[in-house]
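The first residue of the sequence shown is numbered 1, and numbering continues consecutively from there.
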Amino acid sequence: MPLRNSQQAYGSVARFAHWATALFVALAWSLGMFRNYFPEGTPRDASVFVHMSLGLGVILLLVLRLVWRALDPPPPAIRADRFEPWLGLAAKAGHLLLYALLIVTPILGIVLQFSRGKALPVFGLFDIPSPWALDRAFFRQIIKLHQLAGDALVIVALGHAAAALFHHWALRDRTLARMLPGPAR
């Protein structure tokens, strides 16, 4: 599979960044949702560390995606003439919302960690000390925002997946096939 995008399909870099982001979001959301099911102590601490590392990974992947997109534009959108311009506008709005939530959610997570007065572990390599002391009221506000943003991200991502399946099964176009792993279809 070619590294770069073509007129017909996404290249391996864009596909990797897309699917790795989807995996990181799904795992981070799952760990966040079910963290209370882990016993106190090491297992819960490890799950929180992995959750934070996945969030930082989402930021890195988003930067990679945006830089790569600037260097290697995506293939042109496949028009669904009977639904245009509405489908095209919905796709652009959905992508913008996804990108916004992909940056806002992990940033809120970083602010959340700092609001606890705790350092942010960066993949276990080093820590960024918190610029703030513990602020319980601020923490309670931020945790709600972080959870809301995470839930919204998963809902919008599921809508994105549903739209890809709609293209594949109802419109019978190549929108989904161009992003699937494996050789260019």
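Here V13 pairs with L3, W68 under the side chain to side chain contact (heavy atoms under 4.5 Å, CB included) rule; sequence neighbours left out. For H51, the side-chain hydrogen bond (donor to acceptor under 3.5 Å, both in side chains) criterion is met by no residue, not counting sequence neighbours. Applying the side chain to side chain contact (heavy atoms under 4.5 Å, CB included) test to D45 and every residue at least two apart in sequence or in another chain returns nothing. T21 is linked by a side-chain hydrogen bond (donor to acceptor under 3.5 Å, both in side chains) to nothing, counting only residues two or more places apart in sequence or in another chain. In this view, R35 satisfies the salt bridge (Lys or Arg N to Asp or Glu O under 4.0 Å) rule with no residue, not counting sequence neighbours. Scored by the side-chain hydrogen bond (donor to acceptor under 3.5 Å, both in side chains) test, E40 finds R44 as partners (sequence neighbours excluded). With sequence neighbours excluded, the residues satisfying salt bridge (Lys or Arg N to Asp or Glu O under 4.0 Å) with D72 are R4. Residues forming a side chain to side chain contact (heavy atoms under 4.5 Å, CB included) with Q141 (at least two apart in sequence, or on another chain): F138.
Between the OH atom in Y10 and the CZ atom in R15 there is a gap of 10.0 Å [rounded to 0.5 Å]. Within the model, atoms NE2 of H146 and CG of D151 stand 10.0 Å from one another, a figure rounded to the nearest 0.5 Å. The NE2 atom of H167 lies 14.0 Å from the CZ atom of R172; values are rounded to the nearest 0.5 Å. Taking CG of L66 as the start and CG of L61 as the end, the distance is 11.0 Å to the nearest 0.5 Å. Atom CG of L148 sits about 11.0 Å away from atom CG of L153, to the nearest 0.5 Å.
When all heavy atoms are compared, the tightest approach of W19 to P181 is NE1-CD, 3.8 Å. I78 and T175 make their closest contact through CD1-N, 3.5 Å (heavy atoms, listed as atom of the first residue, atom of the second, distance). Nearest heavy-atom pair, A14 versus N5, reported as atom, atom and distance to 0.1 Å: CB-OD1, 3.6 Å. Contact record, F123 with S53: CE2-O, 3.3 Å, taken as the closest heavy-atom pair.
Listed by first and then second residue, the salt bridge (charged side-chain N to carboxylate O under 4.0 Å, His left out) pairs involving residues 94-107 amount to none (not counting sequence neighbours). Among residue pairs with one or both ends in residues 126-139, none qualify as side chain to side chain donor-acceptor pair (under 3.5 Å); sequence neighbours excluded. Residue pairs meeting the ring-ring contact (aromatic ring centres under 6.0 Å, His included) criterion with at least one member in residues 91-110, sequence neighbours excluded: H95-H160.
Both I59 and L97 are assigned to one and the same hydrophobic cluster, defined by single-linkage of ILVMFWY side chains at heavy-atom distances under 4.5 Å. F139 is connected to M52 through a chain of hydrophobic side-chain contacts under 4.5 Å among Ile, Leu, Val, Met, Phe, Trp and Tyr, so both are in one cluster. Hydrophobic clustering places V154 together with Y37 (ILVMFWY residues linked when any side-chain heavy atoms are closer than 4.5 Å, directly or through intermediates). Following chains of ILVMFWY side-chain contacts shorter than 4.5 Å, one can reach F24 starting from F34, so the two form part of one hydrophobic cluster. Hydrophobic clustering, with ILVMFWY side chains joined whenever heavy atoms are under 4.5 angstrom apart, keeps F166 apart from I155.
Under a cut-off of 6.0 angstrom, the local environment of CZ in F16 is sparse, with at most 12 non-hydrogen atoms contributed by other residues, nucleotides or ligands.
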Identify every side-chain donor-acceptor pair in residues 102-119 under 3.5 Å, counting partners at least two apart or on other chains, and give the distances.
| residue | atom | partner | partner atom | Å |
| --- | --- | --- | --- | --- |
| T105 | OG1 | L101 | O | 2.8 |
| T105 | OG1 | A149 | O | 3.4 |
| Q113 | OE1 | R116 | NH1 | 2.9 |
| Q113 | NE2 | A119 | O | 2.8 |
| S115 | OG | L112 | O | 2.7 |

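Put simply, the side chain of L176 does not reach to within 4.5 Å of the side chain of W169, judged on heavy atoms. Looking at heavy atoms from C-beta onward, P75 lies out of side-chain contact with Q8 at the 4.5 angstrom threshold.
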Q. L54 and V58: side-chain contact (heavy atoms from CB on, under 4.5 Å), yes or no, with the steps?
A. CA-CA 6 Å; L54 289 166; V58 166; 5.6 Å; no
Q. Between F38 and L31, is a side-chain contact (heavy atoms from CB on, under 4.5 Å) present by the stated rule, with each step listed?
A. CA-CA 9 Å; F38 290 95; L31 283 171; 3.9 Å; yes
